[in-house]
Each structure stands twice: as C-alpha cells, then as structure tokens.
Amino acid sequence: MGLLSLAIWVPIAFGTLLLALGRDEHARMVRWLALIGALLGLAVTLPLMGGFDNGSAAAQFVEKSMWIERFNVYYHLGVDGIAFWFVPLTAFITVIVVIASWESITERVNQYMGAFLILSGLMVGVFSAMDGMLFYVFFEATLIPMYLIIGIWGGPNKIYAAFKFFLYTLLGSLLTLIAFIYLYNQSGGSFDIATWHKLPLSATAQTLLFFAFFAAFAVKVPMWPVHTWLPDVHVEAPTGGSAVLAAIMLKLGAYGFLRFSLPIAPDASREWAWLMITLSLVAVIYVGLVAMVQKDMKKLVAYSSVAHMGFVTLGFFVFNDMGVSGGLVQMIAHGFVSGAMFLCIGVLYDRVHSREIASYGGVVNTMPKFAAFALLFTMANCGLPATAGFVGEWMVIIAAVKFDFWVGLGAALALILGASYSLWMYKRVYLGPVTNDNVRGLTDIGRREFLVLGLLAIAVLYMGVYPKPFTDVMDVSVAELLKHVAQSKLN
C-alpha cells in the first residue's frame with residue numbers, strides 16, 4: 001500500500017474501529033484511539049514532503065489498480081504541486097480537532113471522533129484522486145460524516161442547518177456527475193482525469209461543462225450568491241465541525257476549479273472569467289460589509305471565510321502565475337487561520353455558552369494568554385504582514401493589479417474591510433474593562449488548549465515569515481496548468 005493510500009485508509013480504519021466502540025463508558029479509550037489514528041494519519045504524510053520533486057509538474061506517488069473493470073474505473077491516486085499541500089494540511093487539522101474536542105464532547109464520543117477520522121481520509125482521497133469517478137465518490141462521501149457531525153452535535157437548529165448543507169452541496173454535484181458521464185463517453189470510455197484534460201471540445205460543450213462544474217464547486221467554496229448555507233451551518237455546527245469545514249472542506253470546491261474547470265474547459269474559462277472575477281469581488285467586498293454588522297462571533301467569521309475564499313477564486317481567474325499560486329497559498333493559509341478563529345470561539349463558548357459578542361468584554365483581563373493567541377489569529381485574519389494571512393492575499397492583489405488596476409483596487413479594499421470587522425470584534429470581546437459577570441469568572445486556557453492554539457500559531461507565523469517551501473512545491477505545476485489553459489481546445 002502506497003503513502004497516499006495509507007493517508008486515506010489509516011484514519012478511515014481507525015474511524016471505523018471507533019464506531020464499533022459504542023458506549024460512552026469507553027470515552028477515554030476512544031479519545032486516545034482517535035488521537036493515535038489522527039497522529040498516524042499525519043505521520044504517513046510526512047515522507048511525502050521529503051520525497052516530492054518540486055521540479056516536476058507530473059503526478060507523483062502514483063498508485064493505480066483496476067477498481068470497476070466493466071466501466072474502466074481505476075483506483076488511481078497521485079498528487080502534483082497543486083494538490084500536494086492539502087494532504088498534510090488535512091491530516092494536521094484532524095489532529096488539532098481531535099485534541100480540541102477532548103473535553104467538549106461528552107456524548108457519543110466514539111461516533112464523533114469516528115466521523116472526523118473517516119471525513120479526514122475521504123478529504124485526502126478527494127485531493128489525491130486521479131480518476132474522475134473515484135474523485136466523485138470521495139467528493140460526495142465527505143457529505144455523510146459532516147452531515148452527521150452537524151445534525152447530531154450541532155446547536156438548536158442543527159437539523160435545518162444539516163439539511164441545508166446536504167441539499168445545497170448534493171444538488172450542485174449532480175450536474176457534475178452528468179458532466180463526468182459526458183466526458184467518459186467523449187474519451188472513449190475513460191474516467192482518467194489526465195485524459196479528459198486533452199479532449200478537444202466544442203465551445204458549446206465547454207460552456208456547458210464549465211457551468212456544470214460551477215454548480216458543484218461554487219457552492220462548495222462557497223461563492224456569492226450560493227453562500228447562504230455556510231453561516232447557518234457554522235452557527236449550528238460544533239466547534240470541531242466548523243474548524244474542519246472552514247479549514248478543509250471549503251477548499252474542495254476551489255481545488256475542483258483547478259483540477260476540472262480550467263484544464264478541461266479552458267476556452268470557456270477564459271470567456272467567463274469576467275463572471276468569476278465579478279462574483280469574487282462581490283464576495284470580498286459585499287460579504288465583508290455583511291460581516292461587519294454581525295452580532296454572533298461564529299457568523300462573523302463564517303462571512304469572513306466567504307470573503308477570504310473570494311480572493312482564491314479571484315486569483316485563479318486572472319490567469320497568471322502569481323494569481324493562481326496566490327490563490328493556492330491563500331487556501332492553505334485560510335486553513336490555519338480560519339480553523340484557529342473557530343477554535344478560539346469554541347474556547348469562549350465552552351466557558352460561557354454564548355457566541356454573542358455582547359456577552360463578552362474585557363476577556364484579556366481574565367484570560368491574558370488566550371487573548372494573546374486570539375490577537376495573533378485576528379491579525380492574521382486581517383492579512384497582517386509576517387502572518388500566513390498576508391502572503392496569499394498580497395500575491396492575489398499583485399496579480400489582480402497586473403490583470404486590471406480597478407480589479408486590484410477592489411481586492412485591496414477588501415483588506416481594509418477584513419481589518420475592520422476582525423479588529424472590531426476583537427475590541428468588543430477582548431479589550432477594555434470587564435463588562436459582564438460571565439467574564440469575571442473565566443479561567444485562562446489550560447495545557448491542552450495552549451497546545452492546540454500554540455501549534456496553529458507556529459503554523460501561521462512560519463508560513464507568514466517563510467512561505468517559500470509552500471510556493472516552491474506549486475510553481476512548476478501552476479506554470480504547466482496556465483500553459484495548458486492558454487492553448488485553445490476547440491475541435
């Protein structure tokens with residue numbers, strides 16, 4: 001079994017084992033087994049970093065074997081520079097979520113931890129799949145554990161949020177399935193994604209394929225105006241669910257644009273780039289304004305995620321190396337920063353059982369260590385230089401200015417908005433005198449919470465100060481992708 005298979009199936013195997021331990025009296029053992037499974041899932045991704053060849057745009061660590069012979073479906077795995085970093089990122093966030101949920105989840109612990117481990121393996125499968133049908137199976141299967149996480153351990157309106165999440169994402173994906181079947185027939189009976197990239201297609205076919213992919217991937221990102229499911233889901237989801245959803249699951253949609261939309265329908269992608277850029281700018285500006293008036297911390301950070309992911313799609317569709325690389329860097333950085341923001345909210349919620357900004361005030365007086373971490377992550381969310389949040393957004397803005405000055409100006413305006421709502425929330429929650437009796441009795445973070453936030457802080461600072469290891473991996477693959485997109489495939 002290859003490294004990518006291990007990265008997929010080790011957490012799934014541990015998750016399945018945890019589901020068999022069906023009593024809460026085994027909760028302590030379940031937590032440790034979950035941590036061991038998450039750590040092993042991360043450990044098997046580490047050799048990938050040492051063995052990846054930055055100078056090649058080809059898929060690496062390839063595994064291929066027949067899966068469904070009748071339909072020529074292969075169990076075909078591999079990662080290039082575009083997909084590579086999302087494999088260890090997924091495994092890392094899974095470890096963080098398991099540790100963060102150690103004490104906050106007290107009922108059905110085995111099912112909760114099992115669902116997260118299974119979800120982790122499925123998401124790695126999405127980023128590793130080189131066969132279209134295998135990709136679709138992994139892509140859709142991720143909905144099941146997340147649906148259960150929201151629906152079982154969520155807030156008062158959890159059923160509504162879970163159904164909304166499931167229906168939005170499933171309905172969009174059905175058009176993508178139709179697109180995959182069309183490409184299967186056009187390629188003479190192949191689900192190989194690399195073969196699909198080489199197909200000559202008519203302008204009409206490319207346009208239809210582009211919007212079929214858009215239906216699935218735009219909802220998953222999510223892009224404006226199909227973003228309305230995200231705030232509801234974040235508000236109702238447990239802290240770990242929000243962290244994984246923001247840090248990893250939103251990236252599945254953005255990744256789909258690079259793996260399918262641009263290389264399979266390059267002419268349609270260039271023709272409809274104006275639409276993608278417009279929707280991205282609306283996301284980073286309008287949704288940023290919406291975030292400024294939120295009273296619920298989770299909802300504010302949820303809208304913030306929509307705005308930050310708008311930078312990603314903007315970078316992809318200005319069609320230059322800096323933009324696409326910046327979008328990928330932003331995806332990775334957002335994984336660290338958004339996960340940290342939601343976990344910080346979870347720390348407060350576990351103590352006060354409220355996400356309302358008005359319920360707090362002066363937290364720095366009673367939780368100084370925690371407030372320092374929260375300040376770092378808030379600054380990263382603003383795009384402060386030397387933090388992970390700065391690098392990708394700055395690259396996208398430079399690329400946007402090269403594409404069109406006014407597009408770049410609109411993107412730069414979003415940085416001001418991001419700073420406004422992030423700092424405004426921090427001021428009201430953390431600074432000033434203690435204004436609420438709930439805050440007076442708070443205790444600062446313990447060793448477990450310090451470990452979780454400390455690991456994320458290291459990642460945020462390391463990526464902000466030294467982003468070169470991240471960009472070096474993707475440079476050659478991004479250049480090859482843009483070279484491919486620049487060539488017309490009209491038949």
Side-chain angles (χ1 to χ4, degrees), residues 24 27-28 30-32 34-35 38 93 95-109 112-113 116 153-156 234-244 246-247 294-302 336-381 422-461:
D24 282 337
R28 179 177 174 81
V30 163
R31 293 185 180 103
W32 281 107
L35 181 59
I93 293 297
V95 173
I96 293 294
V97 167
V98 168
I99 299 173
S101 305
W102 202 263
E103 295 177 357
S104 60
I105 300 299
T106 57
E107 297 181 353
R108 299 182 178 181
V109 179
Y112 182 86
M113 295 296 187
F116 270 112
W153 294 275
H234 271 310
V235 166
E236 299 303 325
T239 299
S242 289
V244 168
Q294 298 305 313
K295 298 179 181 180
D296 184 301
M297 289 187 290
K298 256 194 172 185
K299 190 167 283 190
L300 188 150
V301 177
F336 295 133
V337 176
S338 66
M341 292 287 286
F342 280 112
L343 289 172
C344 283
I345 295 170
V347 169
L348 292 175
Y349 184 81
D350 288 343
R351 287 161 168 77
V352 180
H353 300 293
S354 174
R355 294 184 297 267
E356 294 293 318
I357 294 173
S359 299
Y360 299 91
V363 172
V364 69
N365 296 286
T366 53
M367 302 179 70
K369 290 187 289 187
F370 172 64
F373 279 121
L375 179 61
L376 170 64
F377 300 135
T378 300
M379 290 299 182
N381 202 48
S422 298
L423 294 176
W424 181 235
M425 180 181 74
Y426 188 86
K427 175 182 180 296
R428 289 180 288 170
V429 173
Y430 295 93
L431 301 184
V434 175
T435 58
N436 194 296
D437 290 339
N438 293 327
V439 176
R440 288 189 178 89
L442 293 180
T443 56
D444 212 343
I445 51 176
R447 288 180 295 178
R448 178 183 56 82
E449 293 166 323
F450 191 95
L451 173 63
V452 169
L453 298 179
L455 289 172
L456 287 168
I458 291 169
V460 167
L461 290 172

Peer 1: Please work out which of the three classes, parallel, tilted or perpendicular, describes the rings of Tyr430 and Tyr426, given edges at 30° and 60°.
Peer 2: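 If you compare the ring of Tyr426 with that of Tyr430, the planes turn out parallel.
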Peer 1: Mind checking the CG-CG spacing from Leu343 to Leu348? Nearest 0.5 Å is all I need.
Peer 2: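 Interatomic distance, Leu343 CG to Leu348 CG, rounded to 0.5 Å: 11.5 Å.
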Peer 1: Run through Val439, Asp444, Asn438 and flag the one making a side-chain contact (heavy atoms from CB on, under 4.5 Å) with Thr366.
Peer 2: Val439
Peer 1: Do the non-hydrogen side-chain atoms of Val301 and His234 ever get within less than 4.5 Å of each other?
Peer 2: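 Result no, sub-4.5 Å side-chain heavy-atom pair not found.
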Peer 1: Take Leu455 and Val95 through the side chain to side chain contact (heavy atoms under 4.5 Å, CB included) test and state the conclusion after the steps.
Peer 2: CA-CA 10 Å; Leu455 289 172; Val95 173; 5.7 Å; no
Peer 1: Using the side chain to side chain contact (heavy atoms under 4.5 Å, CB included) rule, take Thr443 and Arg351 through it: C-alpha gap first, then chi angles, then the decisive distance, then the call.
Peer 2: CA-CA 8 Å; Thr443 56; Arg351 287 161 168 77; 4.1 Å; yes
Peer 1: Tell me the closest heavy-atom pair linking Met113 and Val98, and the distance in Å.
Peer 2: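 Met113 and Val98 have their closest heavy atoms at CE-O, 3.8 Å.
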Peer 1: Determine the minimum heavy-atom distance between Gly241 and Tyr112, stating which atoms define it.
Peer 2: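 In terms of heavy atoms, the two residues are closest at N-OH, 4.3 Å.
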Peer 1: Calculate, to the nearest 0.5 Å, the distance between atoms NE2 and OG belonging to His353 and Ser359 respectively.
Peer 2: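 If I round to the nearest 0.5 Å, the distance is 12.0 Å.
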Peer 1: Distance from Leu376 atom CG to Leu456 atom CG, nearest 0.5 Å?
Peer 2: 10.0 Å
Peer 1: Has the side chain of Trp102 got a donor or acceptor atom that lies under 3.5 Å from a matching backbone atom of Glu449?
Peer 2: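 Not at all, since once roles are kept as given, no pair shorter than 3.5 Å links the two residues.
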Peer 1: Would you compute the distance between atom NZ of Lys299 and atom CZ of Arg355 and round it to the nearest 0.5 angstrom?
Peer 2: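 So the gap between those two atoms works out to 9.5 Å.
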Peer 1: Which heavy-atom pair separates Asn381 from Ser422 by the least distance, and what is that distance?
Peer 2: ND2-OG, 3.0 Å
Peer 1: Pair Glu356, Asp296 - check side chain to side chain contact (heavy atoms under 4.5 Å, CB included), show working.
Peer 2: CA-CA 5 Å; Glu356 294 293 318; Asp296 184 301; 4.0 Å; yes
Peer 1: Measure centre to centre between the rings of Phe373 and Phe450, then say whether the value is under 6.0 Å.
Peer 2: yes
Peer 1: Whether the Thr239 and Tyr349 side chains hold a donor-acceptor pair (N or O, under 3.5 Å, no angle test) is what I'd like checked.
Peer 2: no
Peer 1: Measuring from Met425:CE to Met341:CE, what's the distance to the nearest 0.5 Å?
Peer 2: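 Separation between the atoms: 4.0 Å.
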Peer 1: Heavy atoms only: give me the nearest Phe377-Val337 pair and the separation to one decimal.
Peer 2: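 That closest heavy-atom pairing would be O-CG1, 3.9 Å.
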Peer 1: Minimum heavy-atom separation for Leu453 to Cys344, with atom names?
Peer 2: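 So the two residues come closest at CD2-SG, 4.0 Å.
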Peer 1: Using side chain to side chain contact (heavy atoms under 4.5 Å, CB included), reason through Arg428 and Tyr360 one step at a time and then give a plain yes or no.
Peer 2: CA-CA 7 Å; Arg428 289 180 288 170; Tyr360 299 91; over 6 Å; no
Peer 1: For the residue pair Met297 and Ser354, what are the closest heavy atoms and their distance?
Peer 2: CE-O, 4.4 Å
